[in-house]
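First up is the structure itself, then whatever we jot down about it.
The sequence lines fix the lettering, A, B, ..., with proteins before strands; numbering per chain opens at 1. Just so it is clear, the values below take in all heavy atoms, side chains as well, and ignore hydrogens, waters and symmetry mates.
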Protein chains: 2
Amino acid sequence: MAKAKQKPLTEKQKAILKFMQDFIEQHRFPPTIRDICNATGIKSTSVVNYNLNKLVNAGLLQRSQRKSRGLRLKDRADLHRVIRVPLIGTIGASEPVPVPEDIGAHYDEDDLIEVMPMLLRGCDPAEVFALRVKGQSMIDAMIREGDIIVFRKQDVAQDGEMVAVWLSERGETTLKYFYNEGDRIRLQPAHPTMPPIYVHPAQCHIQGRVLSVIRINV
Amino acid sequence: MAKAKQKPLTEKQKAILKFMQDFIEQHRFPPTIRDICNATGIKSTSVVNYNLNKLVNAGLLQRSQRKSRGLRLKDRADLHRVIRVPLIGTIGASEPVPVPEDIGAHYDEDDLIEVMPMLLRGCDPAEVFALRVKGQSMIDAMIREGDIIVFRKQDVAQDGEMVAVWLSERGETTLKYFYNEGDRIRLQPAHPTMPPIYVHPAQCHIQGRVLSVIRINV
DNA sequence: TTTGACTTAGAACGAGAGTTCGCTTACAAT
DNA sequence: ATTGTAAGCGAACTCTCGTTCTAAGTCAAA
């Protein structure tokens, strides 16, 4: 399906969006079409309906047909909410990373951590999980015991990405920047004065990419 | 006004609350009374209406009369929202910390960062601000360039708290654990192998307490 | 048993609210 | 001038949905 050419929003449409943001902020449920009429000075519900459909088409809005107040802001509303990420265990040097098989599964309340969307860096929440750091082994990655690391589950990586890898020959988990040098993998610590290590590609099992780090036990 | 005696919620009322949480999570607008009927197996809208009024009376719910979907959860809603914290500048070794005088003032959209409530560690948002780390000088605090540090504005500290201090004699800002040893202040780096420094209390100007650290430029 | 408070069901009412349709206006392209 | 498209208005229609009313069932206290 071809993407529709992005027309700039009309003044009415901007006013509708603005009002919806304010209304939802205040009431915590969406306005009716007639609410929008009154707030924007538009005389006819059909005009609002018309412009709402435009906004849906522009991807800024979602509607539930035939439902009162069946309006959702697409863009901004999500940004003001937290996202629940499963905190599935710990990560330490001497154990493999506990990668979840189905991230979308049901978790207990206690095993979920609420993070702001920025920490997911645009990734699908269904691919994201978090681990708490155990032990002092991640110091060369500038990560402390107790830090929470947000990962995207993946088993390949691009050069320069920080990944959690299981080094099967050493029986060791580590966090390093990943560089594929063809016949070998260079794993570069985050700490500027630490030297890289080199491993054979067959020994380097990528468990996930580091998206962000949270430190609350300062 | 005397507070009504707190009766325990009935199973129906618990089911209604649970369903409302799930529904709002999923649809981002509240359910109708008939939605609740279907979800909970209650046969009559009047029964739902009856129990909704009970929940309002118990302070768990708000209703807007005569409005479709005019329901709001009272308690939990805020917990799932982000808090905007002013990101007012950078912190580096060679400059004083730019402490804001009025945190509650108006900030531009770009100067606000949205964080989950946990990062404030219970502090009043009006006391909290954030700074981005510039330069490599915070490595001994296990903090990298680009990290965002969330502070509570305060000029005194308890032992063991991590604080940002301006050392007036050295002309230097640093992040250390604070220990008051009477005639001197011991400032302990986060990195376990680094030695502490000792300063005279008069030279040690506390700028704020570190609440949390966010690293998104991994 | 009787009483009364609490809870449930069912139905009906009426206002709330989304949708559709015909008609008009504005404006640029042909 | 004509055509076509986008935008607006007003009214009517129909379904949604909150509210209210009556009646009945439950259960503990008197």
Side-chain angles (χ1 to χ4, degrees), chain A residues 2-20 22-24 26-74, chain B residues 2 4-20 23-24 26-74:
Chain A
K3 185 172 184 184
K5 60 183 178 296
Q6 205 64 332
K7 285 195 184 178
L9 297 182
T10 67
E11 287 307 311
K12 276 193 172 53
Q13 287 158 12
K14 280 190 234 173
I16 290 175
L17 274 186
K18 178 74 170 60
F19 170 69
M20 278 193 60
D22 294 346
F23 189 99
I24 292 175
Q26 185 181 358
H27 295 86
R28 296 240 291 288
F29 50 78
T32 67
I33 288 180
R34 285 173 177 82
D35 287 335
I36 299 174
C37 278
N38 295 336
T40 58
I42 297 174
K43 304 293 176 54
S44 174
T45 56
S46 65
V47 175
V48 172
N49 191 50
Y50 174 81
N51 283 292
L52 285 177
N53 286 332
K54 294 275 176 183
L55 289 169
V56 170
N57 216 270
L60 298 171
L61 212 62
Q62 285 182 308
R63 299 189 75 178
S64 296
Q65 298 293 322
R66 307 198 131 257
K67 286 190 186 305
S68 66
R69 305 176 192 273
L71 299 169
R72 290 172 271 213
L73 290 174
K74 192 88 174 285
Chain B
K5 59 183 180 297
Q6 205 63 332
K7 286 196 185 176
L9 297 182
T10 67
E11 287 308 309
K12 277 193 170 55
Q13 286 158 12
K14 281 190 233 173
I16 290 175
L17 274 186
K18 178 74 170 65
F19 169 69
M20 278 194 60
F23 189 99
I24 291 175
Q26 185 181 357
H27 294 87
R28 295 238 293 291
F29 50 78
T32 67
I33 288 179
R34 285 172 177 82
D35 288 336
I36 299 174
C37 276
N38 295 336
T40 59
I42 297 173
K43 304 293 176 51
S44 173
T45 56
S46 65
V47 175
V48 172
N49 190 50
Y50 174 81
N51 282 292
L52 285 177
N53 287 332
K54 294 273 177 182
L55 289 169
V56 170
N57 216 271
L60 298 170
L61 212 61
Q62 286 182 308
R63 298 187 75 179
S64 297
Q65 298 295 321
R66 310 199 129 257
K67 286 191 186 302
S68 65
R69 304 175 193 273
L71 299 169
R72 293 172 267 215
L73 291 173
K74 192 93 174 281

TODO: For Gly41(B) and for Gly70(A), locate the closest nucleotide of DNA chain C by heavy-atom distance; then report the residue assigned to the nucleotide nearer the 5' terminus.
DONE: Gly41(B)
- [ ] Quickly work out the Leu52(A) CG to dA17(C) P distance and round it to whole Å.
- [x] 14 Å
- [ ] Indicate the ring-plane relationship of Phe29(B) and His27(B), choosing parallel, tilted or perpendicular according to the 30° and 60° boundaries.
- [x] tilted
Open item on the list: Nearest whole Å is fine: how far is dG16(C) P from Leu71(A) CG?
Closed with: 18 Å
TODO: From the options dA17(C), dA11(D), dC6(C), select the nucleotide whose nearest atom is closest to the side chain of Tyr50(B).
DONE: dC6(C)
- [ ] Please confirm whether any donor atom in the side chain of Ser68(B) sits under 3.5 Å from an acceptor in the base of dA17(C), or the reverse.
- [x] no
Task: Any Arg69(B) side-chain N or O less than 4.0 Å from OP1/OP2 of dG18(C) - done: no
- [ ] Tell me what Asn51(B) touches on the nucleic acid: a base, only sugar-phosphate, or nothing, going by heavy atoms under 4.0 Å.
- [x] sugar-phosphate
Task: dG18(C) OP1/OP2 closer than 4.0 Å to side-chain N/O of Gln65(A) - done: no
Task: Lys12(A) NZ to dT25(C) C1', straight-line distance once rounded to whole Å - done: 13 Å
TODO: Examine the base of dG10(C) for any acceptor or donor lying under 3.5 Å from a partner atom in the side chain of Ser44(B), and report the outcome as yes or no.
DONE: yes
Task: Value in whole Å for how far the P atom of dC17(D) lies from CD1 of Ile36(B) - done: 12 Å
- [ ] Go through dA7(D), dG10(C), dC21(C) for me and flag the one nearest to the Lys43(B) side chain.
- [x] dG10(C)
TODO: Answer yes or no: side-chain N or O of Ser46(A) and base N or O of dG10(D) forming a donor-acceptor pair under 3.5 Å.
DONE: yes
TODO: Give the angle between the helix axes at the two ends of the helix from dT1(C)-dA30(D) to dT30(C)-dA1(D), taking five base pairs at each end and rounding to 10°.
DONE: 10°
Open item on the list: In this structure, how many angstroms lie between the P atom of dG18(C) and the CD1 atom of Ile16(A), rounded?
Closed with: 13 Å
- [ ] Kindly say if Lys67(A) contacts the phosphate of dC15(D), meaning a side-chain N or O under 4.0 Å from OP1 or OP2.
- [x] no
Task: Thr32(A) side chain, from C-beta outward: closest of dC21(D), dA11(D), dA17(C) - done: dA17(C)
TODO: Give the rounded distance in Å between these two atoms: CZ of Phe29(A) and C1' of dC17(D).
DONE: 14 Å
Task: Residue mapping more 5' on DNA chain C - nearest nucleotide basis, Arg66(B) or Ile42(B) - done: Ile42(B)
- [ ] Report the distance from atom CD1 of Ile33(B) to atom C1' of dA17(C), rounded to the nearest whole Å.
- [x] 16 Å
Task: Asn49(A) side-chain proximity, nearest of dT7(C), dT19(C), dA11(C) - done: dT19(C)
TODO: Determine the contact category for Arg34(A): base if any of its heavy atoms lies under 4.0 Å from a base atom, sugar-phosphate if only primed atoms, P, OP1 or OP2 are that close, otherwise nothing.
DONE: base
Open item on the list: Can you see if the side chain of Lys54(B) gets near the phosphate of dC6(C) - specifically, an N or O under 4.0 Å from OP1 or OP2?
Closed with: no
- [ ] Please state how far atom CG in Asn53(B) lies from atom C1' in dT8(C), giving the value in whole angstrom units.
- [x] 15 Å
